[in-house]
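First the structure, in the form of structure tokens, and then the observations on it.
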Amino acid sequence: MSNIILVLNGPNLNMLGLREPAVYGHETLADVEAMATRHGEGHGFAVECKQTNHEGQMIDWIHQARGRVAGIVINPGAWTHTSVAIHDALIACEVPVLEVHISNVHKRESFRHHSYVSLVAVGVIAGFGTQGYTLAIDRFATLLK
Ligand code: DQA
């Protein structure tokens with residue numbers, strides 16, 4: 001079985017560290033990806049990290065994960081609340097999905113309370129800051145081994 005965990009970040013997450021630090025913290029996406037990669041290696045995973053602001057690109061990466069990766073950790077950003085297409089791609093991919101949000105979306109505006117991705121995710125982590133990514137990798141270590 002593959003030992004690859006794919007960590008996908010959606011729109012505006014390239015702005016981590018600069019964007020609303022009171023909500024998302026001061027770490028950059030590069031910091032988060034390095035942390036996730038190191039953490040995954042500790043569990044024997046090879047972690048691949050990708051970020052895009054383009055929905056079609058995200059869908060292509062999800063399709064390409066089919067049959068190739070063991071698990072997907074995804075922070076879909078605002079697409080969480082809008083994208084039936086990402087929901088459908090994740091189903092088509094047939095890879096277990098863990099959904100991560102840095103902020104506690106349930107404490108925020110009502111439009112953030114619904115997630116199309118949660119309908120297809122094995123689990124959801126929200127409001128644990130960037131630690132959510134390492135918690136998701138820990139969860140995959142339990143689920144996949
Ligand atoms: C987010 C929450 C979303 O509502 C928002 O659009 C984001 C980031 C989070 O990580 O808390 O871009 O997914």
Side-chain angles (χ1 to χ4, degrees), residues 2 4-43 45-66 68-144:
S2 167
I4 300 172
I5 299 293
L6 185 59
V7 176
L8 295 174
N9 279 289
N12 301 305
L13 290 159
N14 57 309
M15 300 294 285
L16 274 182
L18 298 172
R19 170 193 188 204
E20 300 179 78
V23 177
Y24 297 113
H26 292 278
E27 281 166 289
T28 65
L29 182 63
D31 295 334
V32 170
E33 291 181 343
M35 174 180 71
T37 301
R38 265 197 321 273
H39 199 80
E41 283 169 1
H43 285 297
F45 291 131
V47 177
E48 285 180 16
C49 299
K50 298 178 191 285
Q51 185 277 332
T52 182
N53 295 319
H54 302 277
E55 192 172 358
Q57 174 66 85
M58 180 64 88
I59 291 166
D60 287 344
W61 285 338
I62 293 169
H63 292 170
Q64 289 157 14
R66 187 184 157 101
R68 191 180 72 82
V69 316
I72 295 176
V73 175
I74 185 167
N75 182 345
W79 293 329
T80 308
H81 321 297
T82 62
S83 182
V84 176
I86 287 177
H87 164 278
D88 288 353
L90 290 168
I91 292 176
C93 171
E94 294 184 359
V95 167
V97 174
L98 293 173
E99 177 182 351
V100 170
H101 299 286
I102 297 167
S103 66
N104 179 358
V105 284
H106 300 289
K107 205 177 162 187
R108 300 180 64 193
E109 303 96 322
S110 59
F111 63 81
R112 295 184 205 276
H113 296 176
H114 177 263
S115 167
Y116 286 101
V117 172
S118 297
L119 294 167
V120 304
V122 177
V124 182
I125 296 169
F128 287 76
T130 56
Q131 192 186 354
Y133 294 88
T134 57
L135 293 172
I137 289 167
D138 287 341
R139 183 66 184 145
F140 269 135
T142 303
L143 289 175
L144 297 174

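Order of listing sets the numbers, starting from 1, for every ligand and every atom in it.
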### Query
Does anything in residues 110-127 pair up under salt bridge (Lys or Arg N to Asp or Glu O under 4.0 Å), and if so which pairs, sequence neighbours excluded?
Glu109-Arg112

### Message
For Pro11, give me all partners under side-chain contact (heavy atoms from CB on, under 4.5 Å), at least two apart in sequence or on another chain.
### Response
Asn53, Trp79

Distances for all N or O pairs of ligand 1 and the protein under 3.5 Å?
unit_1	atom_1	unit_2	atom_2	d
ligand 1	4 (O)	His81	NE2	2.7
ligand 1	4 (O)	Arg112	NH1	2.8
ligand 1	6 (O)	Ala78	N	3.2
ligand 1	6 (O)	Arg112	NH1	3.1
ligand 1	10 (O)	Asn75	ND2	2.8
ligand 1	10 (O)	Ile102	N	2.8
ligand 1	11 (O)	Ile102	N	3.2
ligand 1	11 (O)	Ser103	N	2.9
ligand 1	11 (O)	Ser103	OG	2.6
ligand 1	12 (O)	Arg19	NH1	3.2
ligand 1	12 (O)	Arg19	NH2	3.0
ligand 1	13 (O)	Asn75	OD1	2.8
ligand 1	13 (O)	His101	ND1	2.8

### Query
Do the side chain of Gln51 and the main chain of Gly10 share a donor and acceptor less than 3.5 angstrom apart?
yes

### Task
Could you verify whether a donor N or O on one side chain and an acceptor N or O on the other, from His39 and Asp138, lie under 3.5 Å apart?
yes

### Task
For the residue pair Glu55 and Ser83, establish whether any side-chain heavy-atom pair is separated by less than 4.5 Å.
yes

### Query
Taking only residues two or more places apart in sequence, or in another chain, which ones meet Ser118 in a side-chain hydrogen bond (donor to acceptor under 3.5 Å, both in side chains)?
Glu99, Ser115

